[in-house]
Amino acid sequence: MKVFITGGAGFIGSHIAEEYLLKDHNVTVYDNFSTGKMDNLQFATTNDRLKITEGDIRDYPLLEQAIAGHDLIFHQAAIASVQQSIDNPRATFEVNAGGTLNVLESARKHKAKKVIFACSAAIFGDHPELPKSEVSPVKPISPYGADKYISETYLRLYSELYGIPTVALRYFNVFGPRQDPSSPYSGVISIFTTRIKANQPVTVFGDGDQYRDFIFVKDVVQANMLAAEKNSTGFENYNVGYGKATSLNDLLEMLKQIYDKEISVKYDKPRQGDIRESVSNNRKLSDELGFLPRFTVKEGLEELTRSL
Ligand code: UD2
């Protein structure tokens, strides 16, 4: 298989690259290195089955040329910050929605076998139905969520109009090694673990009883590979979470046990625009793709902290 990964030098993309290389496939990473890092691909710098192309998904001619000859396209590139999408919706639209269209059009032109897309639980917004299944109402509350939903819609259209098999994986809260902790809007686990390791206090926005569905990055890779392997012809979407709720207070308790030290926690007012609760119903993912998470949240945290 020839595997093409947009955003392949980023957090999730680099883990997908790593697994395909371990299975002896040829992998092309396409990344503009705005947030992706060469460091994330350190495990393979001497592997001649890895090709790295520096390029932007907004650059259609370059992207289209780079995609030629690949079978499987994993589209992970995006501006992943919700806040950035609120501050600058046009710029993020160009990348997150326009970029997806460029990927799909390139895949159509070169008759790729399948496109698998990193969608997001952000498409659900603050609609109260829980847990979220694939038929739960979609109501994005940020340009980021809207761009992801537009992208998913284009995936469906490209399959219906042009016959390209497409899959949208709606990621819940992904965590693991290589997640960048540097922005205030980085994933909470990357922020907490980095600060705890450095003996710095952590801030909880709200009472800490808000919960999320945290899924370890290697299980997200598993979901991607299962979606790629399934003999599908049309469009499919799947919610991708661990399938259980973990509150921030639960998380801090686990981290306290793992680090075996007291954690200094400051409780502040809730973050504006925060959703209170989010959890995935993994039924479709397990029934149709045979997904079974291999890491509990605690096991994922243990592996993450060992890597820091
Ligand atoms: C996740 C996604 C985001 C988007 C969104 C849609 C991640 C990293 N982000 O945002 O891309 O899909 O879901 O709903 O997966 N928190 C603290 N202290 C901190 C940092 C965060 O208390 O230092 C809280 C934060 O206020 C929130 C929770 O932790 O209640 C999770 O925050 P997050 O930014 O990791 O993820 P989330 O669910 O807001």
Side-chain angles (χ1 to χ4, degrees), residues 7 10-12 35 76-87 92 95-96 117-132 136-149 151-152 168-198 200-217 219-220 239-242 245-255 263-280 297 300-301 304:
F11 164 44
I12 301 172
T35 52
Q76 309 295 307
I79 295 177
S81 161
V82 172
Q83 189 57 41
Q84 218 174 312
S85 82
I86 293 168
D87 296 341
T92 44
V95 176
N96 293 353
F117 167 59
C119 194
S120 167
I123 65 171
F124 296 117
D126 56 3
H127 191 281
E129 184 182 302
L130 285 168
K132 304 292 188 194
S136 294
V138 165
K139 184 183 166 265
I141 52 169
S142 66
Y144 173 79
D147 294 345
K148 288 287 182 184
Y149 191 57
S151 294
E152 180 173 317
L169 299 177
R170 292 128 158 219
Y171 299 162
F172 281 65
N173 289 64
V174 188
F175 73 100
R178 304 183 202 137
Q179 189 172 31
D180 185 1
S182 61
S183 130
Y185 293 96
S186 299
V188 65
I189 291 181
S190 67
I191 297 175
F192 280 7
T193 48
T194 311
R195 294 189 68 85
I196 294 166
K197 187 168 180 232
Q200 290 168 334
V202 299
T203 303
V204 170
F205 301 122
D207 60 9
D209 283 335
Q210 71 261 47
Y211 65 75
R212 294 290 186 273
D213 187 333
F214 294 105
I215 176 167
F216 190 55
V217 66
D219 280 327
V220 172
N239 291 352
V240 178
Y242 176 62
T246 304
S247 73
L248 292 193
N249 289 328
D250 294 340
L251 196 65
L252 285 166
E253 189 50 45
M254 285 186 242
L255 288 169
I263 300 169
S264 160
V265 184
K266 198 176 113 222
Y267 286 84
D268 207 335
K269 57 181 186 314
R271 193 154 78 179
Q272 204 194 356
D274 233 16
I275 51 167
R276 179 95 185 144
E277 293 155 344
S278 166
V279 68
S280 163
V297 175
L301 288 173
L304 167 63

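Read the numbers this way: they start at 1 and go in the same order the structure lists the ligands and their atoms. All residue numbers refer to positions in the sequence shown, counting from 1.
A donor-acceptor contact shorter than 3.5 Å links the side chain of Arg195 to the backbone of Pro201. Counting only distance, with no hydrogens or angles, the side chain of Asp213 and the backbone of Tyr242 share a donor-acceptor pair below 3.5 Å. Between the side chain of Ser190 and the backbone N or O of Ser186 there is no donor-acceptor pair closer than 3.5 Å. Gln200 places no side-chain N or O within donor-acceptor distance of the main-chain N or O of Ala198, the cut-off being under 3.5 Å. Within the 3.5 Å criterion, the main-chain N or O of Phe214 finds no donor-acceptor partner in the side chain of Thr246.
Distances shorter than 4.0 angstrom do not occur between any heavy atom of Phe175 and any atom of ligand 1. Taking a 4.0 Å cut-off on heavy atoms, Ser186 registers as neighbouring ligand 1.
Residue, atom and distance of the protein heavy atom nearest to atom 35 (O) of ligand 1 are Val188 N, 2.7 Å. Summary of contacts: the protein heavy atom closest to atom 26 (O) of ligand 1 is Asp274 OD2, 2.7 Å. Protein heavy atom closest to atom 17 (C) of ligand 1, with residue, atom name and distance, is Phe205 CD1, 3.3 Å. Given atom 29 (O) of ligand 1, the protein heavy atom at minimum distance is Leu248 CD1, 3.4 Å. In terms of protein heavy-atom proximity, atom 8 (C) of ligand 1 is closest to Gly187 CA, 3.3 Å. Among all non-hydrogen protein atoms, the one lying nearest atom 32 (O) of ligand 1 is Arg271 NH2, 3.7 Å. Ranking protein heavy atoms by distance to atom 38 (O) of ligand 1, first place goes to Arg212 NE, 2.5 Å. Shortest contact from atom 36 (O) of ligand 1 to any protein heavy atom: Asn173 ND2, 3.2 Å.
Of the heavy atoms in Ile275, only side-chain atoms (C-beta onward) come closer than 4.0 Å to ligand 1. When heavy-atom distances to ligand 1 are checked against a 4.0 Å cut-off, Tyr171 has no atom that comes that close, whether in backbone or side chain. If you look at Val202 next to ligand 1, there are no close heavy atoms at all, none under 4.0 Å. At a heavy-atom distance under 4.0 Å, only side-chain atoms of Ser120, from C-beta outward, approach ligand 1. Contact annotation for Pro270 and ligand 1: no heavy atom of the residue comes within less than 4.0 Å of the ligand. For Phe192, every heavy-atom contact with ligand 1 shorter than 4.0 Å involves the side chain, none the backbone. Looking at Ser81 against ligand 1, nothing comes within 4.0 Å, counting heavy atoms.
In this structure, atom 12 (O) of ligand 1 is in close contact with the protein, since a protein heavy atom lies within 4.0 Å of it. Within a 4.0 Å radius of atom 1 (C) of ligand 1, the protein contributes at least one heavy atom.
In Tyr211, the OH atom is crowded: over 12 heavy atoms of neighbouring residues, nucleotides or ligands sit closer than 6.0 Å. Counting non-hydrogen atoms of other residues, nucleotides and ligands closer than 6.0 Å to CD of Gln272 gives a total of 12 or fewer.
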Problem - Candidate pair Arg212 and Asp250, rule salt bridge (Lys or Arg N to Asp or Glu O under 4.0 Å), full reasoning - result: CA-CA 11 Å; Arg212 294 290 186 273; Asp250 294 340; over 6 Å; no
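Distances from atom 23 (O) of ligand 1 to the heavy atoms of Thr203, Val174, Asp180, Ile123 show the closest one on Thr203.
Considering only heavy atoms from C-beta on, Phe172 comes within 4.5 Å of Ser278 through its side chain.
Between Lys269 and Asp207, no side-chain nitrogen of the basic residue sits less than 4.0 Å from a carboxylate oxygen of the acidic one, so the salt-bridge criterion is not met. For the pair Arg170 and Glu152, the salt-bridge criterion is met [side-chain N within less than 4.0 Å of a carboxylate O].
Side chains of Ser247 and Asn249: no donor on one and acceptor on the other come within 3.5 Å.
Within ligand 1, the atoms closer than 4.0 Å to a non-hydrogen atom of Ala80 are 11 (O), numbered from 1 in the order shown.
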